[in-house]
Every structure is written in structure tokens, then in C-alpha cells.
Amino acid sequence: MRLLLVEDDDHVAAALSAILARHGFQVTHARSGEEALHALLPAGAPTSPYGVILLDLGLPDQDGYEVCGKIRKRTATPVIMVTARGDVRSRIHGLNMGADDYVVKPYDTGELLARIHAVARRTGASEEAAATGTGVPSVVRLGPVAIELPTRRVTVDGADVPLTRKEFDLLALLAQRPGVVFRREQIISEVWRTSWEGTGRTLEVHVASLRSKLRMPALIETVRGVGYRLVAPPAP
């Protein structure tokens with residue numbers, strides 16, 4: 001995947017670029033907002049060549065929020081703001097300006113990589129659904145449980161199970177890859193769009209609620225010290 005890194009500090013950019021390259025990313029480094037906008041849509045290019053944009057807010061020529069707004073007018077390429085501005089107001093403003101995620105420095109590299117993959121995966125799924133006219137797969141079936149993604153409907157043995165928005169988002173995320181372990185940090189990032197550690201308790205509450213409502217405690221398995229996964233029930 002090609003990635004545009006917008007960062008005015010050459011030392012920070014060099015270190016991060018090296019890490020990203022080791023994980024298979026092709027990184028283009030822009031040192032200013034103007035340079036980033038020029039790189040985003042090169043002359044004659046109909047679309048952006050990048051899968052994700054990492055955008056620092058402290059740029060030398062213009063405010064990063066302003067750059068994000070301009071990016072959003074030109075392309076739907078996912079934007080992750082990476083900044084030292086960690087207060088709630090700054091986070092909210094960044095998301096309102098069109099950022100897909102917001103990471104506060106200093107950050108854990110593993111978490112940043114997970115967030116990059118998360119926003120790229122969400123965008124890829126949306127583009128595939130738009131191209132085919134369907135949300136593939138539209139229905140995930142796990143024994144008696146049916147998860148209808150387009151309508152956000154969940155049934156057990158044909159009976160509707162009312163879920164809250166976050167309960168459905170959590171279940172739908174795990175249902176993307178039954179049997180695969182999703183890390184707690186990844187779930188919190190994708191469902192709650194935050195890295196705040198206090199959300200961990202909220203995750204546990206939602207998992208417990210899903211187990212109770214679905215009446216299948218073994219469906220969502222806890223992988224101690226890592227996260228959760230969906231376990232398909234054995235065939236009758």
C-alpha cells in the first residue's frame with residue numbers, strides 16, 4: 001500500500017518511514033501542507049495514488065486541520081491525524097474536519113499500524129460494496145445466529161435480537177473473520193474510534209451483554225491477554 005506521510009520533522013519522518021517500510025508500505029514524505037496537496041493529486045492523475053494519509057497538525061505553512069479539510073474536498077482517501085494535541089476538543093475538531101482517525105503522540109507503533117490497516121480495510125470494504133451494489137457478505141451465519149449487515153439485523157433461530165448500535169458494530173466486526181482473534185486495542189479503535197484505555201471496561205460490558213442477548217456464551221471467546229474471537233458453533 002502507498003502511504004502519504006505529512007510531517008515537517010525530518011527525523012520523526014525518517015524513523016517512522018523506516019518502520020512503515022519494514023511492514024510493506026511505500027511511503028511518500030511531504031514536509032508541508034502545500035507539498036502534501038500537490039503529492040495527493042499529481043498533475044493529470046484522476047485519483048489519489050495513496051491508500052492512507054498520516055497527517056501531522058503542526059505544519060510550517062498552514063494548519064493541519066485546514067489541510068485535512070482541503071484533502072477531504074479532493075479525495076476520500078482515509079486520513080489519520082497524528083499529533084501531540086491530545087485534548088478532547090482537538091480530537092473532536094479533527095474528526096469533524098473529516099479525519100477518519102486520530103492518534104496522539106507519543107503512540108505505540110503497533111497501535112498505529114493497526115489503525116492504518118483498520119481505516120484501509122473499512123475503505124476497501126465500502127468501495128467493494130459500492131461497486132457491486134451489495135455489502136459482501138450481506139449475511140453472516142454462525143449456527144442459529146444470522147447477522148444481516150446491510151439492515152443491521154440479528155436473529156437467533158429466526159427471532160430478532162435487539163442490539164444497541166455499539167453491540168451490533170462489535171458483533172459485525174468479529175463476524176468479518178470468524179475464528180480470527182481481534183486484539184482489544186483493534187476492537188476499541190474500530191468500534192469506539194478511540195485509544196483511551198478506559199474503554200476496555202466498556203468493551204467487556206458489551207461482550208457480556210452480547211453473550212446474554214444471543215443466549216450463546218461460547219460464541220464470543222475470550223483469548224486471555226489478547227482479545228476476542230467468534231467461534232462458530234458445531235453443526236447439529
message: As an exercise, state the distance from CE of Met97 to CE of Met81, rounded to the nearest 0.5 Å.
response: 7.0 Å
task: Give the minimum heavy-atom separation between Ser32 and Leu59, together with the two atoms involved.
output: C-CD1, 4.3 Å
message: Any non-hydrogen side-chain atom of Val154 less than 4.5 Å from a side-chain atom of Leu214?
response: yes
Donor-acceptor pair, side chain of Arg183 and main chain of Tyr228, under 3.5 angstrom: no
- request: Evaluate the side-chain proximity of Val79 to Arg72: yes if any heavy-atom separation is below 4.5 Å, no if none is.
  value: yes
task: Could you pull out the closest heavy-atom pair between Gly110 and Asp108, with the gap in Å?
output: N-OD2, 2.9 Å
- prompt: If every non-hydrogen atom of Pro217 is compared with every non-hydrogen atom of Arg211, which pair is closest and at what distance?
  reply: O-NE, 3.5 Å
- request: Please check if Leu113 and Val226 belong to a single hydrophobic cluster, counting links between Ile, Leu, Val, Met, Phe, Trp and Tyr side chain heavy atoms closer than 4.5 Å.
  value: no
- prompt: In Å, rounded to the nearest 0.5 Å, how long is the span from CG of Asp101 to CD of Glu190?
  reply: 9.5 Å
message: Test your reading of the model: is there a side-chain donor-acceptor pair from Arg91 to the backbone of Gly86, 3.5 Å cut-off?
response: yes
field: Val103 versus Tyr107, closest heavy-atom pair with distance
entry: CG1-CB, 3.6 Å
message: Name the residue from Val207, Leu230, Leu210, Ile147 that meets the side chain to side chain contact (heavy atoms under 4.5 Å, CB included) definition with Leu174.
response: Leu230
task: Quick one: name the residues clustered hydrophobically with Ile92, using the 4.5 Å side-chain heavy-atom rule over I, L, V, M, F, W, Y, and just say none if it's on its own.
output: Val88
query: So how far is it from Leu40 CG to Ile53 CD1, rounded to the nearest 0.5 Å?
result: 4.5 Å
query: Would you say Val231 and Leu171 are hydrophobically clustered, going by side-chain heavy atoms of ILVMFWY under 4.5 Å?
result: no
message: Between Val205 and Lys166, does the side-chain contact (heavy atoms from CB on, under 4.5 Å) criterion hold? Intermediate values first, please.
response: CA-CA 11 Å; Val205 170; Lys166 290 301 184 186; over 6 Å; no
- request: For Arg2, look at atom CZ and say whether over 12 heavy atoms of other residues, nucleotides or ligands are found less than 6.0 Å away.
  value: yes
- request: Specify whether His206 and Trp192 have parallel, tilted or perpendicular ring planes, treating 30° as the upper limit for parallel and 60° as the lower limit for perpendicular.
  value: perpendicular
message: Does Asp63 form a salt bridge (charged side-chain N to carboxylate O under 4.0 Å, His left out) with Arg85? I'd like the steps, not just the answer.
response: CA-CA 13 Å; Asp63 186 76; Arg85 304 179 195 178; 3.6 Å; yes
field: Trace of the side-chain contact (heavy atoms from CB on, under 4.5 Å) decision for Ile80 with Leu54
entry: CA-CA 5 Å; Ile80 301 177; Leu54 297 183; 3.8 Å; yes
- request: Please lay out, stage by stage, how Glu34 and Lys70 fare under the test side-chain contact (heavy atoms from CB on, under 4.5 Å).
  value: CA-CA 10 Å; Glu34 190 62 33; Lys70 292 179 179 178; 5.5 Å; no
- prompt: Just by distance, do the side chain of Arg165 and the backbone of Phe168 share a donor-acceptor pair under 3.5 Å?
  reply: no
message: In this structure, would Leu173 and Leu219 fall into the same cluster of hydrophobic residues linked by side-chain contacts under 4.5 Å?
response: yes
message: Please give me the minimum heavy-atom distance between Ala30 and Leu4, naming the atom from each residue.
response: CB-CD1, 4.2 Å
task: Look at the side-chain heavy atoms of Ile, Leu, Val, Met, Phe, Trp and Tyr, link any pair under 4.5 Å apart, and say whether Leu112 and Val27 land in one connected group.
output: yes
field: Step-by-step side-chain contact (heavy atoms from CB on, under 4.5 Å) determination, Val67 to Leu57
entry: CA-CA 9 Å; Val67 175; Leu57 295 182; over 6 Å; no
task: Would you give the length of the straight line joining atom CD1 of Ile220 to atom CZ of Phe182, rounded to the nearest 0.5 angstrom?
output: 12.0 Å
message: Taking side-chain hydrogen bond (donor to acceptor under 3.5 Å, both in side chains) as the cut-off, I'd like each qualifying pair that reaches into residues 144-156, sequence neighbours left out, listed once.
response: Glu148-Thr151, Glu148-Arg153, Arg152-Asp169, Arg153-Asp160
message: Please confirm whether the ring centroid of Phe25 lies under 6.0 Å from the ring centroid of His117.
response: yes
message: Strictly distance-based, threshold 3.5 Å: is any side-chain N or O of Arg229 a donor or acceptor partner for the main-chain N or O of Val223?
response: no
query: Asp10 versus His29: any side-chain heavy-atom pair under 4.5 Å?
result: yes
task: Give a yes or no on whether Leu95 and Ile116 share a hydrophobic cluster (residues Ile, Leu, Val, Met, Phe, Trp, Tyr; joining criterion: side-chain heavy atoms under 4.5 Å apart).
output: no
Distance-minimising heavy-atom pair for Cys68 and Ala99: SG-N, 3.7 Å
message: Tell me whether Tyr50 contacts the main-chain N or O of Leu5 through its side chain, where contact means a donor paired with an acceptor under 3.5 Å.
response: no
message: As an exercise, state the distance from CD of Glu66 to CG of Leu37, rounded to the nearest 0.5 Å.
response: 9.0 Å
message: Can you tell me how far apart CG (Asp56) and CG (Leu16) are? Round to the nearest 0.5 Å.
response: 10.5 Å
- prompt: Are side-chain heavy atoms of Leu170 and Leu203 found at a separation under 4.5 Å?
  reply: yes
